[in-house]
Amino acid sequence: MAHYRGPDPKREQFRRYLEKAGVVDSLTSVLVALYETQERPNNALEFVKQHLGAAGMTSEDTEALQQEVLELRQRCTSLSEENKDLKTKLQRYEPVPEDGATAD
């Protein structure tokens with residue numbers, strides 16, 4: 001005959017920790033979204049990963065971040081070109097030592 005054991009205190013503490021951190025709600029939301037999809041994705045794990053990674057982010061958030069990345073890449077390219085131009089100009093005005101060593 002099996003004996004009923006009360007809830008394990010460590011297990012209960014861990015469950016409360018997950019609930020407090022919002023993990024249970026996030027997982028529930030993703031699993032509900034997966035359940036409610038008309039066509040099941042081929043890779044359920046990938047679906048969960050994508051939806052958990054996007055939890056709390058709106059499409060506006062991601063669009064803003066993508067725009068910021070684009071602008072920062074353009075600025076990086078522009079600054080690299082400016083740096084290259086300035087190095088070229090600097091070499092015109094700095095004499096090169098006869099032994100070929102650079103003055104650092």
Side-chain angles (χ1 to χ4, degrees):
M1 186 169 182
H3 295 288
Y4 174 75
R5 291 189 298 184
D8 182 12
K10 277 187 166 184
R11 182 177 244 161
E12 276 300 306
Q13 183 181 11
F14 185 67
R15 185 188 58 76
R16 285 192 304 272
Y17 160 74
L18 291 176
E19 285 179 352
K20 185 177 178 183
V23 173
V24 173
D25 289 339
S26 292
L27 285 173
T28 302
S29 297
V30 170
L31 292 175
V32 167
L34 178 60
Y35 176 78
E36 291 176 347
T37 57
Q38 294 297 324
E39 292 184 30
R40 300 283 186 247
N42 292 332
N43 189 339
L45 181 58
E46 192 60 35
F47 177 92
V48 170
K49 286 179 181 179
Q50 287 176 348
H51 283 77
L52 276 179
M57 292 190 73
T58 65
S59 61
E60 294 170 358
D61 293 335
T62 55
E63 286 177 25
L65 289 172
Q66 288 173 343
Q67 182 62 35
E68 183 178 2
V69 167
L70 180 63
E71 291 169 2
L72 290 172
R73 284 182 178 158
Q74 290 172 344
R75 180 150 189 238
C76 183
T77 301
S78 173
L79 289 173
S80 292
E81 290 173 6
E82 181 182 356
N83 187 4
K84 184 179 174 183
D85 291 343
L86 290 172
K87 283 181 179 180
T88 302
K89 288 179 182 178
L90 183 61
Q91 286 181 349
R92 282 190 226 150
Y93 298 107
E94 283 188 351
V96 177
E98 291 181 18
D99 63 356
T102 57
D104 285 342

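Numbering of residues begins at 1 and proceeds along the displayed sequence. We use all heavy atoms of the structure for the numbers below, so side chains are in, but hydrogens, waters and symmetry mates are not.
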(request) Could you tell me whether a side-chain N or O of R40 sits under 3.5 Å from a main-chain N or O of Y35, the two making a donor and an acceptor? (result) yes

(request) Using modelled atom types only, decide if a donor and an acceptor are shared between the side chain of S26 and the backbone of V23 within a distance under 3.5 Å. (result) no

(request) Verify the neighbour count for atom CD of E19: are there more than 12 heavy atoms of other residues, nucleotides or ligands below 6.0 Å? (result) yes

(message) With a 4.0 Å cut-off on N to O distance, would you call R15 and E12 a salt bridge?
(response) yes

(request) With L18 as reference, evaluate L27, D25, V24 under the side chain to side chain contact (heavy atoms under 4.5 Å, CB included) test and give the passing residue. (result) V24

(message) Taking side chain to side chain contact (heavy atoms under 4.5 Å, CB included) as the criterion, tell me which of Q67, R75, R73 meets it with E71.
(response) Q67

Gap between atom [atom2] of [Y] and atom [atom1] of [X] - 0.5 Å precision:
X	Y	atom1	atom2	result
L90	D85	CG	CG	12.5 Å
F47	N42	CZ	CG	12.5 Å
K89	R92	NZ	CZ	7.0 Å

(request) Please name all residues satisfying side chain to side chain contact (heavy atoms under 4.5 Å, CB included) with V32, sequence neighbours left out, ordered by chain then number. (result) T28, E36

(message) Between E46 and K49, is there a side-chain heavy-atom distance shorter than 4.5 Å?
(response) yes

(request) Taking all heavy atoms of V30 and all of V48, pick out the closest pair and write down the distance. (result) CG1-CA, 3.7 Å

